[in-house]
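Naming convention: chains lettered A, B, ... in sequence-line order (proteins, then strands); numbering from 1 in each chain.
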Protein chains: 2
Amino acid sequence: MTQHRGKTGPDANVTADDVATAAGVSRWTVNRAFKKDASISPRTRDKVMEAAQTLGYVPDLRAASLASDRSNLVALLVDDFANPHKLVMMERLTRILRKHGWDTLLVNTLDRDDTGHALLNASQRRVDAVILIGIQFDDETLAAAQHARRFRKLIIFARTSQNPDTISIAVDDVAAMTEIADYVRARGYRRPFFLAGPRTVSAHLSRKETFLSRWKAHFGTEPESAEVPAYDPILAEAVVTEVLGNRPRSEMPDVLVCENDALAIGAVDVIRHKLGLRIPEDIAVTGFDDVPQCRSPNYRLTTYRQPLTEMAEYLVEVLESSEERDFDRAFTGCLVPRESA
Amino acid sequence: MTQHRGKTGPDANVTADDVATAAGVSRWTVNRAFKKDASISPRTRDKVMEAAQTLGYVPDLRAASLASDRSNLVALLVDDFANPHKLVMMERLTRILRKHGWDTLLVNTLDRDDTGHALLNASQRRVDAVILIGIQFDDETLAAAQHARRFRKLIIFARTSQNPDTISIAVDDVAAMTEIADYVRARGYRRPFFLAGPRTVSAHLSRKETFLSRWKAHFGTEPESAEVPAYDPILAEAVVTEVLGNRPRSEMPDVLVCENDALAIGAVDVIRHKLGLRIPEDIAVTGFDDVPQCRSPNYRLTTYRQPLTEMAEYLVEVLESSEERDFDRAFTGCLVPRESA
DNA sequence: AAATCTGTTGCACGCGCGTGCAAACAGCGT
DNA sequence: ACGCTGTTTGCACGCGCGTGCAACAGATTT
């Protein structure tokens, strides 16, 4: 192929063919030079790379993906951007995925009904897998996704799921919440209140039910609880205000066990600034996730840390495996005691 | 083309050809049915769509992009995930981009030296544009990006840049900081302290310099300032502690003007919990960005809100324009006064 | 020196769709 | 029924690269 393009600058559409003629090899050798474990002599590779460098050649992953039917692309579906932990997860996932050569398509799932469109979006790009780190994915949605799927794997990250067609990479909620319950009990608290997230979430069920049943098993009474419609500190504020707002001191709980930090943070703010109570002297608070704010001198939140890095590394392992086994896995995190409880 | 594939389930690789034979039309008509403003009769389109539905066909955007040289994909480069405002920006951008049919590749730029690799990543996917919302992009990096670029547009979002090859969509920092300075002065504060972010950032320069010079123009003295190495509340805590930690009350500033909310939040926490001072009675604080936390009863931060939605809509407009004009644009936000100042 | 082996290089074909144009078609008035 | 106009449909070719195999050269053995 001759240089049928006028331009020679970096804007020109340099293809492997151009590099091939420049380096005096075949096009296939050029592409081999860019492939990791390809069979090519070091000398040729250097020659090719040099030519590529001067021409400004960069392999086209669209074409590669089209030809190989492997995109090395995953879609990350997120819907609750109000939860600060999402920022942590996105950072960790994108970093580790990229380290292993995977690119990430970020899809903002507007609402429940939009999930189908989001999945369609992902399909059109022929992603190799879809990773869900949102909350609005009930089993109905997942079933639809499974039916129409054009991607090999559907992974629920940081949340357990019973769905058999789905891969769940999460922390062991039962073990974690049991540890929290025992910690709360050991610290002498006796009137806990559980602040839960939206009920569509299975993690919700595990955590809340685990705590309640664990407590009941010990003391025979089931603690109070309330439900926040989303993992949003602002909404948590509203719910806590409503539930505890005009309650006499004598009927106040002595510890607020929150399903995660997003709720706990909202709760802390309300308890201090609207109820005028001290933490932990009047009411203690626990969270879940160990978001960065927990370390702040303002919150000092007792919480539970998920091994996100380890989980992300395992995720990559799952992505790169071609087996057809059951990839579900529950990790164990660690309780992080701080001054809030 | 006959159905040379055994499977008929959704896993099968259904192509436009398959739909074509099923609907009794040509392949091109099938693709036309999926194209927005294509010339096709409603009847045929329905017929095609129905066949596509039952076969589970979804157009392949890789192939479309390859053939048309337009990917409808942008890369979003982010590096400072510690800044909560990034979460807001990511939510807004992905939402509005998707509304207009653009997909987003999220690239986590690990550090300064990694930016080149990140841009290479984007090039390989042949994104139509790269959007930077990080901080570690100095002019040197940008120049390199320009040189080796395989994307049409390089957009700096929510940050001004002098680089002529770059499109900057941001708030007018000078106007904004002038407004803040005037507000602070009007509220009677007289001993301001400016808390700035890393010096690589041009927004930094605008905001800090604007505030300092505006103040000097009025009172003849240049306020104190300190610099935090990243937009991270935790690091802001450290710097504020170091700078104000053991300073007698008489020498304390009466207002801490922060370059953005990430710094302001860290500052508020330290002032209350380590210095034991009240806000705003002892020290007032102002921020920039109006992140969700600002509304919390704990912060009630006086800040400045950028018109993110409007900016994102303009971004789309820029993406879809084929002109070669100067797209730089500065927006005007609004001051949001709260109890912190 | 011939035979063998290992590492390296070249190539036909296909991945699924867009572009631009030509052919076919329907609708209208005379 | 005829031509005319505007709409709808079909098609050749190319986008850039991967797969699997055949051909080849140099190094090693017999």
Side-chain angles (χ1 to χ4, degrees), chain A residues 1-5 12-48 51-52 55-73 123-128 150, chain B residues 1-5 12-48 51-52 55-73 123-128 150:
Chain A
M1 177 161 290
T2 63
Q3 50 246 62
H4 52 286
R5 313 175 209 284
N13 237 19
V14 190
T15 86
D17 273 311
D18 303 336
V19 179
T21 45
V25 296
S26 74
R27 177 177 71 72
W28 295 271
T29 304
V30 173
N31 291 57
R32 253 191 221 101
F34 280 88
K35 208 169 171 186
K36 196 115 180 279
D37 304 308
S39 143
I40 188 173
S41 78
R43 219 156 32 82
T44 333
R45 173 169 264 157
D46 288 349
K47 199 169 54 179
V48 169
L55 289 180
Y57 168 74
V58 177
D60 188 331
L61 286 189
R62 297 171 306 179
S65 158
L66 189 59
S68 71
D69 205 38
R70 202 154 176 284
S71 60
N72 266 272
L73 225 201
S123 299
Q124 299 193 153
R125 297 278 176 198
R126 297 296 189 268
V127 298
D128 287 334
R150 308 234 7 164
Chain B
M1 177 161 293
T2 63
Q3 49 246 63
H4 52 286
R5 312 174 210 285
N13 237 19
V14 190
T15 86
D17 273 310
D18 302 336
V19 180
T21 45
V25 296
S26 73
R27 176 177 73 71
W28 293 271
T29 304
V30 172
N31 290 63
R32 253 191 220 101
F34 281 89
K35 207 168 170 187
K36 196 114 181 278
D37 305 306
S39 144
I40 187 173
S41 78
R43 219 158 30 82
T44 344
R45 172 168 265 158
D46 288 349
K47 198 169 55 178
V48 169
L55 289 181
Y57 168 74
V58 177
D60 188 330
L61 286 190
R62 296 171 306 179
S65 158
L66 188 60
S68 72
D69 206 38
R70 204 156 173 281
S71 60
N72 266 272
L73 224 202
S123 299
Q124 300 192 153
R125 298 275 176 201
R126 295 298 189 267
V127 298
D128 286 335
R150 308 235 7 167

Pairwise N/O distances under 3.5 Å, protein to nucleotides 20-25 of chain D:
none

Checking D/dG18, C/dC17, C/dC15 against the side chain of A/L66 (C-beta onward), the nearest is C/dC15
Just N and O in the side chain of B/S68: are any of them under 4.0 Å from OP1 or OP2 of C/dT19? no
Using a 4.0 Å heavy-atom cut-off, does B/R27 contact any base of the nucleic acid, only the sugar-phosphate backbone, or nothing at all? base
Here the distance between atom C1' of D/dG18 and atom CZ of A/R126, to the nearest Å, is 18 Å
Taking A/S71's backbone N and O only, do any of them form a donor-acceptor pair with A/D128's side chain (distance below 3.5 Å, no angle check)? yes
Nearest heavy-atom approach of A/V58 to B/R126 is O-NH2, 2.7 Å
Whole-Å distance, B/F34 CZ to C/dG16 C1', equals 13 Å
With a cut-off of less than 4.0 Å, is there a side-chain N or O of B/K35 near OP1 or OP2 of C/dT19? yes
Considering only heavy side-chain atoms of B/T44, the closest of C/dG16, D/dG16, D/dT9 is D/dT9
Of all heavy-atom pairs linking A/A51 and A/A22, the shortest is CB-CB, 4.2 Å
B/A63 has its side chain closest, among D/dT9, C/dG16, D/dC17, to C/dG16
Original post:
Counting only side-chain N and O atoms of A/N31, is one of them less than 4.0 Å from OP1 or OP2 of D/dG16?
Top reply: no
Pair up each side-chain donor or acceptor in residues 59-67 of chain A with any protein partner under 3.5 Å, not counting sequence neighbours, and list the distances.
| residue | atom | partner | partner atom | Å |
| --- | --- | --- | --- | --- |
| A/D60 | OD1 | A/R62 | N | 2.8 |
| A/D60 | OD1 | A/R62 | NE | 3.1 |
| A/D60 | OD1 | A/A63 | N | 3.4 |
| A/D60 | OD2 | A/R62 | NE | 3.3 |
| A/D60 | OD2 | A/R62 | NH2 | 2.7 |
| A/R62 | NH1 | B/S65 | O | 3.0 |
| A/R62 | NH1 | B/S65 | OG | 2.6 |
| A/S65 | OG | B/R62 | NH1 | 2.6 |

Do the side chains of B/L73 and A/R125 get nearer than 4.5 Å, heavy atoms only?
-> yes
note: A/N72, atom CG; D/dC17, atom P; distance rounded to Å ~ 16 Å
When rounded to whole Å, the CG to P distance for the pair B/D69 and D/dC17 reads 12 Å
Of D/dC11, C/dC17, D/dC17, the nucleotide closest to the side chain of A/A64 is D/dC17
Taking for A/S26 and for B/S65 the nucleotide of DNA chain C with the nearest heavy atom, the one nearer the 5' end belongs to A/S26
- prompt: So, B/D18 side chain and B/T15 main chain: donor-acceptor pair closer than 3.5 Å or not?
  reply: yes
Atom CZ of B/R43 and atom C1' of C/dC25 are separated, to the nearest Å, by 11 Å
When rounded to whole Å, the CD to C1' distance for the pair A/Q124 and C/dC15 reads 18 Å
For A/F34 and A/A52, the nearest pair of non-hydrogen atoms, with its separation, is CZ-CB, 3.8 Å
Between CZ of B/R125 and P of D/dC15 the distance, given in whole Å, is 22 Å
To the nearest angstrom, the CZ-C1' distance between A/R62 and C/dG14 comes to 18 Å
